[in-house]
2 protein chains.
Amino acid sequence: MFSPELKKGSMELLILSMLDQAERHGYEIGKLIETRSRGLLEFRISTLYSVLYRMEDNGWIRGRWVEKEGQRSRCYYRLTAAGRKVLKAQHENWREFVGIINELIGPSHA
Amino acid sequence: MFSPELKKGSMELLILSMLDQAERHGYEIGKLIETRSRGLLEFRISTLYSVLYRMEDNGWIRGRWVEKEGQRSRCYYRLTAAGRKVLKAQHENWREFVGIINELIGPSHA
DNA sequence: GTAGATATATCATCACGCGAAATATCACGT
DNA sequence: ACGTGATATTTCGCGTGATGATATATCTAC
């Protein structure tokens with residue numbers, strides 16, 4: 001749907017936003033992005049996990065393994081204090097970026 | 001200023017937009033992006049040229065060498081018919097993409 | 001005469017999303 | 001009992017493309 005390059009850079013912001021609302025596991029985040037965007041935005045599940053691992057290394061999120069009866073083990077991630085700061089910064093960053101690009105490309109002349 | 005990943009994917013749209021208004025050469029496009037974004041958005045000049053070459057290979061733009069007295073030779077690029085279509089498509093694509101991301105990340109809670 | 005802006009070109013490097021494959025459990029239909 | 005598909009995580013090689021460094025050349029201004 002969207003150019004692969006366009007999706008890059010929004011991945012972290014997207015994941016951080018998902019985790020701002022609730023503790024979630026990887027697969028859940030993937031499905032959430034897919035359904036909430038009505039199938040228009042779909043990140044590969046492998047990408048999702050690699051970003052999660054990277055963000056955990058960065059100390060933005062922390063995973064917690066949960067084993068429930070009759071369920072495959074899941075790793076639930078939540079934002080750390082640092083992650084919350086990064087989310088805020090990336091959110092503002094995104095808005096400013098979009099503003100500038102929109103300014104530069106002007107209105108579409110359909 | 002902005003994450004390098006965020007800039008990826010907006011480069012082509014940006015250049016195509018610049019060339020929609022007038023025939024321009026590479027260095028000029030770079031300066032234009034820099035000044036119009038008040039220095040916030042700055043693409044490497046090397047990146048700019050590599051994107052220009054790629055877009056010319058794709059047939060989206062066409063370069064024309066101009067040699068003026070007392071000036072270094074410049075290559076002026078203009079949009080082709082195909083490039084105009086790509087610009088329109090990428091423009092719509094950008095707007096839709098931004099809409100979806102904004103929907104997913106929600107309003108900032110500053 | 002040299003420093004800095006203008007202007008283009010090339011190439012190695014690196015980050016990162018992607019595709020593919022492996023592993024494991026549960027639900028459902030037959 | 002068996003297969004299929006959804007759920008769930010992991011790993012790794014690949015390809016794309018922005019970046020940084022470097023080279024070259026001309027003009028202006030001090």
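The shown structure was predicted, so the numbers you read here are calculated from the model rather than taken from an experiment. By convention in this document, chain letters (A, B, ...) are assigned in the order of the sequence lines, proteins followed by strands, and residues within each chain are numbered from 1. Reckoned from all heavy atoms, side chains included, excluding hydrogens, waters and symmetry mates.
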Between [N] ([atom2]) and [X] ([atom1]): distance, integer Å:
X     : N      : atom1 : atom2 : answer
A:R24 : D:dT9  : CZ    : C1'   : 18 Å
A:N58 : C:dC16 : CG    : C1'   : 13 Å
A:R72 : C:dC26 : CZ    : C1'   : 12 Å
A:R64 : D:dT9  : CZ    : C1'   : 17 Å
A:L13 : C:dG17 : CG    : P     : 13 Å
A:E67 : D:dT9  : CD    : C1'   : 13 Å
B:E34 : C:dA5  : CD    : C1'   : 12 Å
A:F43 : C:dC16 : CZ    : C1'   : 12 Å

Handout entry: Side chains of B:E28 and B:M18 in contact at under 4.5 Å (non-hydrogen atoms)
Key = no

Just to confirm, is there a sub-4.0 Å distance from OP1 or OP2 of [N] to any side-chain nitrogen or oxygen of [X]?
X     : N      : answer
A:K31 : D:dT7  : yes
A:R44 : C:dG17 : no
B:Y49 : C:dA9  : no
A:Y27 : D:dT7  : yes
B:T47 : D:dT19 : yes

Check every atom of [options] against the side chain of [X] and return the nucleotide holding the closest atom.
X     : options                : value
B:S50 : C:dC16, C:dC18, D:dT19 : D:dT19
A:R54 : C:dT10, C:dG17, D:dT9  : C:dG17
B:S46 : C:dT10, C:dC18, D:dT10 : C:dT10
B:Y53 : D:dA18, D:dA25, C:dT10 : C:dT10

Handout entry: Residue whose closest nucleotide on DNA chain C lies nearer the 5' end, A:K68 versus A:M11
Key = A:M11

Handout entry: Residue whose nearest DNA chain C nucleotide is more 5′ - A:I45 or A:K7
Key = A:K7

Completion exercise
Shortest non-hydrogen pair, B:G26 vs B:L52, comes out as CA-CD1, 3.7 Å

Problem - Salt-bridge criterion met for B:R38 and A:E103 (N-O under 4.0 Å) - result: yes

Exercise for the section: For the pair B:E34 and B:K31, find out whether any cationic side-chain nitrogen is under 4.0 Å from an anionic carboxylate oxygen. Expected result: yes

Practice task
Answer with base, sugar-phosphate or nothing: what part of the nucleic acid does B:S73 contact at a heavy-atom distance below 4.0 Å?
Solution key: sugar-phosphate

Exercise for the section: Decide if atom CD of B:E67 counts as having more than 12 heavy atoms of other residues, nucleotides or ligands within a radius under 6.0 Å. Expected result: no

